[in-house]
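Reviewing the structure listed below.
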Amino acid sequence: MTEATINRHFIQQIIDTDIERGKWGAPGDRSVVTTRFPPEPNGYLHIGHAKSVCLNAGLAKEYGGRFFLRFDDTNPAKEEQEFVDSICADVKWLGGVWDGEVRFASDYFDRMYTWAVELIRKGLAYVDEQAPDLIKQQRGNLTEPGAASPFRDRPAEESLAQFEKMKSGGFSDGGAVLRAKIDMASPNMNLRDPVMYRVVNKPHHRTGGRWHIYPMYDWAHGLEDSVEGITHSLCTLEFENHRPLYDWFIEAINKGRGPGSEWGERIHHAQQIEFSRFNLEYTTMSKRALKLLVEGGHVAGWDDPRMITVAGLRRRGYTAESVRHAVIEAGITKYNALTDFTKLENAVRDDLNRRAPRRMAVLDPVKLVITNWGEHGDPDRLEELPAINNPEDERAGTRPVKFGGELWIERDDFMIDPPKKFFRLGPGREVRLRCGYWVRCHDYTADADGRVTEIRCTYDPQTRGGDSPPPDSDGVVRKVKGTLHWVSAADCLDATVRLFDRLFNDPRPGKRTGDILDDLNPDSLTVLTGCKVERSLGGATPDEPAWADGIRRVQFERLGYFCLDRDSTPEALVFNRTVTLKDSWAKEQAKG
RNA sequence: GGGGGAUUGGUGUAAUUGGUAGCACGACAGAUUCUGAUUCUGUUAGUUCGAGUUCGAGUCUCGGAUCCCCUACCA
């Protein structure tokens, strides 16, 4: 028995009980479980949606049931085909496998309309022709009850006629609504005769000009679930107050239904269950805010690698596995939690550590010259040495890298006057060049500003491959200060590397001043040009793993995980830094 | 003087019918290491508060505190 089978989250516990008691079918039949992911096609998916996709698809998979992708396209004013396409792609990327065709709420508009007519005939709904402002005013507020509309008790026949008129374009936008007759004094505002249909004289991206009325979320959602036979309709916490309404609508339709009834058989009633949405430090899941970032030009687009959209994370280099792991590990509860940003980063480091091939790249290059290179052979020679592809995976093998008399190393890896804890290069110090040779610095040059221009070293031919030299006459083996990455000046490629930092400076952007833009991090993007990378990065090599999404990901040794951006060409390489490696030296420095 | 939901180490999340408060991440210390990475070991620190019931309360009762959501013809 594993931990995973012991610790069942509250939704799994509910489903377990349902199955045991046979709530949805024969007791013990797990295959009845049916879930759905119901996005509105009015924007890109973000990591919060990813949680819902993974939860719903994961439950269906776990129980051997079904999972549907259904677009809640009930508002033609805001929805577009572009978003339908991007959402399908993102769900797929996340590993969500939906059952059958993609579904659309708009496919059920006819049935919804018929049910609405039924409620009117039952005296449970009426057409209100008051102005929107007036209806709003009559609704009351949190502490005062609402007042009844003068249309509330009009004859069903009259409502029926006006509803037909609404449907056929007889009203202008806002001219009339269909309302459920519930309770204008309810402490739950959602029950104060909520609107079921409004007039919208706009073409719909799928039904065109066929409809002039469109159903509201509360009316539509439970019906969509009902049509599809959803058993567990999962949504976020803010819909808790809507559950009584969700249930009311289904019960209103079922009122008087049953065997032999004039209305027909009872319709399926899914169970709505609310869980907390995924909140992440230093970012926002607000669609409005994400849209503002894109449209205000604060980022390059919906798939800017700094965005927590699924498209952004993908372009940043995150794997679907790491995103899935992060959102599910955060937990399924009703507690409004704020997840550490480091959890997301940790998830991708974990995954990439196991899978990403190692490569060498120098982001801020400084020249290192080996002054005794010519003493042990042709001064222009390049020696080919094998470099380990992945210490976590022996099967990944090695790749050849070329070592020569002129190399690039990281500017950070050399100090003229290093402190004791600096385990890198400095005058008189010896370090290992990874999978290359050991080198000792005997000289350097600097410009007028004190900026190092060249580092001069000798190398020890006995350390070929980076191995330790033989012990001296006393049996003592020399030790190095540390190991540095490098690339050969004669055998490397230039590249552009984009470094990303968090988009916002505050763990809860906008909390302080109310304006999320006040917390924008002006330094969230750094573009480095003239970086030097080993030649193998020029094109995919056979030793690289086959990534499911086709995105090439590597670890630049000692620096972090990077992926090839879609802007990259063989002539102009562009890498995005997904995440740095953990860096205890940076931490040490920060301590001062 | 409205309604709904929530509260367990720094963060997130577990704990059969009331019975040893566990796990992960972080932080800190050490070991290993051809990546200051990885890996391994150890340390740190918690039941929102106050009463009550009980042999025994994170769990049950009562009262308080704090946080989130609700007044679209958005979803």
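Here is how names work: the chains are called A, B, and so on, in the same order as the sequence lines, proteins then strands, and each is numbered from 1.
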If the glycosidic angle is within 90 degrees of 0 it's syn, otherwise anti, so just tell me which one B:A72 is.
syn
A:Gln13, nearest nucleotide to its side chain (from B:G36, B:A15, B:G12)
B:A15
For a quick test of reading the model: is some side-chain N or O of A:Lys343 closer than 4.0 Å to OP1 or OP2 of B:U13?
no
Below 3.5 Å, does any donor atom in the side chain of A:Gln555 face an acceptor in the base of B:U35, or the other way round?
yes
Any side-chain N or O of A:Arg243 below 4.0 angstrom from OP1/OP2 of B:G4?
no
What's the closest nucleotide to the side chain of A:Arg424 if the choices are B:G36, B:G2, B:A27?
B:G36
Report the nucleotide, chosen from B:C28, B:G10, B:U35, that has the shortest atom-to-atom distance to any side-chain atom of A:Leu581.
B:U35
Is the phosphate of B:U13, meaning OP1 or OP2, less than 4.0 Å from a side-chain N or O of A:Thr333?
yes
Atom CZ of A:Arg558 and atom P of B:U38: how far apart are they, to the nearest Å?
14 Å
What integer number of Å spans the C1' atoms of B:G12 and B:G52?
32 Å
For B:A24, the Watson-Crick or wobble counterpart (both distances under 3.5 Å):
B:U11
C1' gap between B:C25 and B:U44, integer Å
14 Å
For every nucleotide of nucleotides 68-75 of chain B, 5' to 3': is a protein heavy atom under 4.0 Å from its base (B), only from its sugar-phosphate (S), or from neither (-)?
SBBBSBBB
Classify the side chain of A:Arg358 versus the base of B:U35 as yes if they form a donor-acceptor pair under 3.5 Å and no if they do not.
yes
Nearest whole angstrom, please: distance from the P of B:U39 to the CZ of A:Arg349.
11 Å
Is it the case that A:Asp467 and A:Thr463 place a side-chain donor and acceptor less than 3.5 Å from each other?
no
Side chain of A:Tyr335 only, heavy atoms from C-beta on: which candidate in B:U35, B:C28, B:U13 is closest?
B:U13
Quick one: closest heavy-atom pair of A:Phe71 and A:Val84, and the distance?
CZ-O, 3.6 Å
Can you tell me if the side-chain N/O atoms of A:Lys582 get under 4.0 Å from OP1 or OP2 in B:U38?
yes
For B:G4, take OP1 and OP2 only and decide whether either is under 4.0 Å from a side-chain N or O of A:Lys334.
no
